[in-house]
Structures are given as structure tokens and as C-alpha cells.
Amino acid sequence: MDRSTVELIVFVVYLACMLSIGIFFFVKTKTGGDKEYFLGGRAMGPWVTALSAGTADMSAWVLMGLPTAIFALGLGQIWIPIGLALGYAISWIFEAPRLRKFSIVANDSITIPQYLTNRFLSSSKSLQVICAVVFLIAYTIYASSSIKACGTLFNTVAGIDEALAMYVAAAITIGYVFLGGFKAAAWTDFFQGLLMLGAMMITPIFAAFLVSGAPAAAAGVAALPEGYFNVFTSWQDILSGLAWGLGYFGMPHIIVRFMSLRSQSEMKKSAVIGIGWTVLILFFAAFIGIIGRQFLSYDPVADANIVNDSLVFILMVRAIFPGLISGILLAAILAASMSTASAQMLSAASALAADVYKPFVRKGTADDKEMFWISRLAVIIISVAAVTIAANPDSGTIMSLVSNAWAIFGAAFGPAIVLSLFWKRFNFPGAVAGIVVGAVVDIFWMINLTASTGLYELLPGFIAGFVAAVVVALVTKAPSAQVEKLYDEAMAYED
């Protein structure tokens, strides 16, 4: 069999294994309501929690978009992985322990909109509606980037129509999320996280040996453009790259993993695993971009498609390894795409089912069986919207889709969540103001100012949201004694 056929068989086997995990959890858990479906019953262990949080973040962009950005533009892009590593570590060390405790004390909240409402003992559902709107818009964009990556992979490897490949990959992802919910997504994330790390370590190391041993290696290095290894390219690149780390504080599909951990005592172990995995992933993503520039002898004019389609990792793997091994390693792209898409589908579905349908349509009267099926219907609705965006040829690159959605979430939710965990005086109006202002400023900056200023919209959006949240909280009524008591109980909570 030729290489493409072997790789395609590997992909099919891999997809079947992922779907089988969803079937397993569907058979094992046929009831349990929205808490079981969206949070795994708060029963996840430290390894699964850590790798699930990491893979929920590191979608195909870390295998395709980020290496290609460094490949094409140089080490000035290294500030993105640096910012992400710092932000992720800080979120695990400071945000995760408090968020798990606060979400439990705040009426056992299972979604971020629920938490932000219950944290202030508010009877108003306005915050849940605002959050749901942001979720539905941003997550369909975000999930579409993962589905788009699957289409690119199948088209490049096997020549399969890109749109058809997107539909197939989306159907498999929908399948295991629809059937197994959070537990299926988390356990597939665990295995996919191991596959991603292995593929990203093996590929650049082998390529480095080949480059160093090739007679033309020196010429290839010399052909690199002047300033390629210059890290300090501009203040905009540095600030924009570091600003990516701010996204972690408000990324619902990632931080909800913190809430799923089964005990507070396992938080430290999970944090060490999660931070270590992410740092390694980001390091090797940068390494792939650097060594790929030398290994592939990139010509900016002749090889423009490499950048447009984010093909660096795919081309390196196929040039180095035989069909069976390349199929396994390239399955890491499926792993990255599906793990993130599944997390995003669940978070978006939670906004539709638990934060809109249950409180507004059913007025809180929906039982576990009803929510069991409404949650799954919500997954299908969100997924269809994401596939529609991904299939649009004008939807943008994988990296652009991710960066836009990442910024909206970070700017909208980051300030409100951080302040809710660390400021006792913070109140409900401040949270609403922070979310609205952060989202509006981020979108306005993205449309009108990012290109002219060279500054990533997440930074001004986050700052504006933070300032608005603090100012509004200070000029409005202080939280009630009951809300302050909830804060104290959360700080003292142990399980």
C-alpha cells in the first residue's frame, strides 16, 4: 500500500478508538443530569484533569499554526509560547485552587455563567444570558478552527476533499461528546495529550539530526533571512505575545477543568502535571518552527502554501518517517483538534442547555432525564454552526480563528473571574460591567486597531474590562453580608 493509504487507515482506526470511548461512557452513565454531563460529577483524577485542561487549550494551532508562525516570521514570535506558559502556570497555581472551592460553595456551580451568578447570590439571570451570547459566538468560531485543521490534514495527506473531511471529523467528535459528555471528552483528552507530546518531541529531534548530518545544512542555515533569530523584534510583538497568557484566566473550557477535580488535596499534583506538559508542548512547538525552517528550505514565494495552510509539521513528518509511523504521528493533529473541539462543544452546549434552556425555558423544572437529552441536542446545534464556519473558504486561517476567539474569552471573562476569587468587595454589577466592556473593547480593537497598532486586541480588552469591573464595583452598592459570608466560606473550604 502507498503512504497515503496507510496513513488514512491509521486515522480511521484512531477515530474509531475515540468514538468507542464515548460509547463506553454512554453505556456506563445513562443518567446523572447536567452536572454529570458537563462536569463529570466532580470525580476526575489529577492526571486526567491536568491533561484534559492542557489539550482543551492546545488545539491544532499548537501543531500547525504556532510552528508555522515561527517558521515564517522568526523568533520574534517566541513571545506567544512564553506568554502562554507563564499565563498557564499562574492560572494553575493561583486561580485553580480558589475556583474549585468557590464553585462548590457557590451552590455547586457547574458552569462559569452559573458560578458568576451564584458567587454574588444574584436572582438576576442577566449575567447568564450575557455569558451565553459570548459563548455561542466565540465558541463556534473557536471550534471551527479545530475542524478546519482536520480538513487540511486529510486533504494534504490523502487528497480527500477538505469539506468532506471536516464533516467526518466533526461527526466523530460530536459522536463521543454527544454520547459520553465530560468524562468521555476528558478521557479522550488524556490519551490525546500523550500522543501530542510524543509526536511533538520525536519529530523535531529526528529532523535536527538529519539537518546536522546533511552536507547542505550550513547553506540552509545561512539562507535564513537576516534577523530571523532576533527575539526582540518590536515592543508590539513582545507585549502581544505575552498578552496571550491573559487568556487563561477567562477561558471557560479550560478553567472548568479545574472545577472537575475530585479533591482539593490533588490540586498541587494536577498543577505540576498540567504545567509540565504545557511547557514541553510549547517548547517543542517553537523547536518545530525553527528546525523546520532549515529542514524544509523555505522559499517565501514558491512555498507560500506552507504558511497559508500551516503545513510545516505535516511536511516534516511525512519527509522523515515511513507511512505507518507518520500516520501515528500525524494523528496528533486529530488529537489536538478533537480534544479542543470537544471541550468547546461542551462549554458552548452548557451555555445553551444549563444557562438558557433550564432557567428560562423550563424555569428550573427540567429533570435529569430531560437535561440528559437537551444537553446532547445543544452539542449538535453548536457543532453544526462550527462546521458551517469551518467550511467557508473565507473564514480565515487556523491561527487567526484561534487568536480572535481566545482574545474575546480572555478579555470578557478573565477580569471578572479573577476579581471574584481575590476581591471580597467585588460585586455583581462589577462582574457584568467587566464582561461587557472587555468583550466590546476587544472586538472593537480587533476590527479597527489591531492592524494599525500591531497590538493584539486581548491586552487592551483585558485592561478595559478590569478597569470597568473595579470602577463599577466601587461606585455601586457593596456586596451583602451573605455574599461576604460566602466568600469567607469558600476561602475556608476543605474536602
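Values below: every heavy atom of this structure, side chains too, minus hydrogens, waters and symmetry copies.
Shown here is Trp47, whose CH2 atom has no more than 12 heavy atoms of other residues, nucleotides or ligands within 6.0 Å. Counted within 6.0 Å of NZ on Lys424, heavy atoms from surrounding residues, nucleotides or ligands total more than 12; the atom is thus considered enclosed.
To the nearest 0.5 Å, the span separating CG on Leu330 from CG on Leu153 amounts to 6.0 Å. Ile78 contributes atom CD1, which lies 9.0 Å from atom CG of Leu282 (distance to the nearest 0.5 angstrom). One distance of note links CD1 of Ile147 with OG1 of Thr388; it measures 9.0 Å at 0.5 Å rounding. For the atom pair CG (Leu458) and CH2 (Trp244), the distance works out to 8.5 Å, reported to the nearest 0.5 Å. Separation of atoms CG (Leu280) and CD1 (Ile275) is listed at 12.0 Å; rounding is to 0.5 Å. One finds the CD1 atom of Ile255 at 10.0 Å from the OG atom of Ser103 (value rounded to the nearest 0.5 Å).
Closest heavy-atom contact between Leu261 and Thr49: CD1-OG1, 3.4 Å. Considering every non-hydrogen atom in both Leu311 and Thr68, the closest pair reads N-OG1, 4.0 Å. Between Asn118 and Leu486, the shortest heavy-atom distance links the atoms O-CD1, 3.8 Å. Across Ile141 and Ala405, no two heavy atoms sit closer than the pair CG2-CB, 4.4 Å. The minimum heavy-atom distance between Ala165 and Phe154, with the atom names listed, is CB-CB, 3.4 Å. Here the closest heavy-atom approach between residue Lys148 and residue Leu401 is recorded as CD-CD1, 4.1 Å.
Formation of a donor-acceptor pair under 3.5 Å by the Ser91 side chain with backbone atoms of Tyr88 is found in this model. Under the 3.5 Å distance criterion, the side-chain polar atoms of Glu457 are left unmatched by any main-chain donor or acceptor of Ile443. No donor-acceptor pair closer than 3.5 Å links the side chain of Ser144 to the backbone N or O of Ala386. Distance alone, capped at 3.5 Å, places no donor-acceptor pair between the Thr203 side chain and the Met200 backbone. Side-chain atoms of Asn427 come within 3.5 Å of backbone N or O of Lys477 as a donor-acceptor pair. Looking at Arg98, its side chain never comes within 3.5 Å of a backbone N or O of Met491 through a donor-acceptor pair. One N or O on the side chain of Ser109 and one on the backbone of Ala106 form a donor-acceptor pair closer than 3.5 Å. No side-chain donor-acceptor contact under 3.5 Å links Arg100 to the backbone of Ser260.
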Trp406 vs Tyr248, ring-ring contact (aromatic ring centres under 6.0 Å, His included): CA-CA, chis, key distance, verdict | CA-CA 9 Å; Trp406 183 267; Tyr248 283 112; 5.0 Å; yes
Would Met196 and Val62 satisfy side chain to side chain contact (heavy atoms under 4.5 Å, CB included), going step by step from the backbone distance to the final call?
-> CA-CA 10 Å; Met196 287 172 61; Val62 80; 4.0 Å; yes
Apply the test side chain to side chain contact (heavy atoms under 4.5 Å, CB included) to residues Leu84 and Thr278: give CA-CA distance (whole Å), side-chain angles for both, the deciding distance (0.1 Å), then the verdict.
-> CA-CA 9 Å; Leu84 289 170; Thr278 297; 6.0 Å; no
Stepwise, does the side chain to side chain contact (heavy atoms under 4.5 Å, CB included) test hold for Leu449 with Leu455?
-> CA-CA 8 Å; Leu449 298 173; Leu455 193 63; over 6 Å; no
Report the C-alpha separation of His253 and Met251 in whole Å, then their side-chain angles, then the decisive distance to 0.1 Å, and conclude whether the side chain to side chain contact (heavy atoms under 4.5 Å, CB included) test is met.
-> CA-CA 6 Å; His253 66 287; Met251 208 58 54; 3.2 Å; yes
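Here Phe258 and Trp92 bring their ring centres to under 6.0 angstrom of each other. For Tyr456 and Trp79, the ring centers are positioned 6.0 Å apart or more. Two rings, from Phe426 and Phe120, have their centers less than 6.0 Å apart. Taking the six-membered ring where the residue is Trp, the centroids of Phe413 and Phe135 are separated by under 6.0 Å. Between Phe102 and Tyr487, the distance separating the two ring centers is shorter than 6.0 angstrom.
A donor-acceptor pair shorter than 3.5 Å cannot be found between the side chains of Ser124 and Ser122.
Put simply, the side chain of Asp237 does not reach to within 4.5 Å of the side chain of Phe232, judged on heavy atoms. By the 4.5 Å heavy-atom criterion applied to side chains, Asn155 and Asp161 are not counted as neighbours. Taking 4.5 Å as the limit, some side-chain heavy atom of Thr233 sits within range of a side-chain heavy atom of Asn230. A 4.5 Å side-chain heavy-atom check between Thr453 and Trp445 finds at least one atom pair inside the cut-off. In this structure the side chain of Cys131 reaches within 4.5 angstrom of the side chain of Leu127, judged on heavy atoms. Side-chain contact check for Thr111 versus Val256: every heavy-atom pair is 4.5 Å or farther apart. Phe249 is not listed as a side-chain neighbour of Ile417, based on a closest heavy-atom distance of 4.5 Å or more. Residues Val441 and Phe462 are not in side-chain contact: their nearest non-hydrogen atoms beyond the backbone lie 4.5 Å or more apart.
Classified by interplanar angle (parallel below 30°, tilted 30° to 60°, perpendicular above 60°), the ring pair Phe283/Phe287 is tilted.
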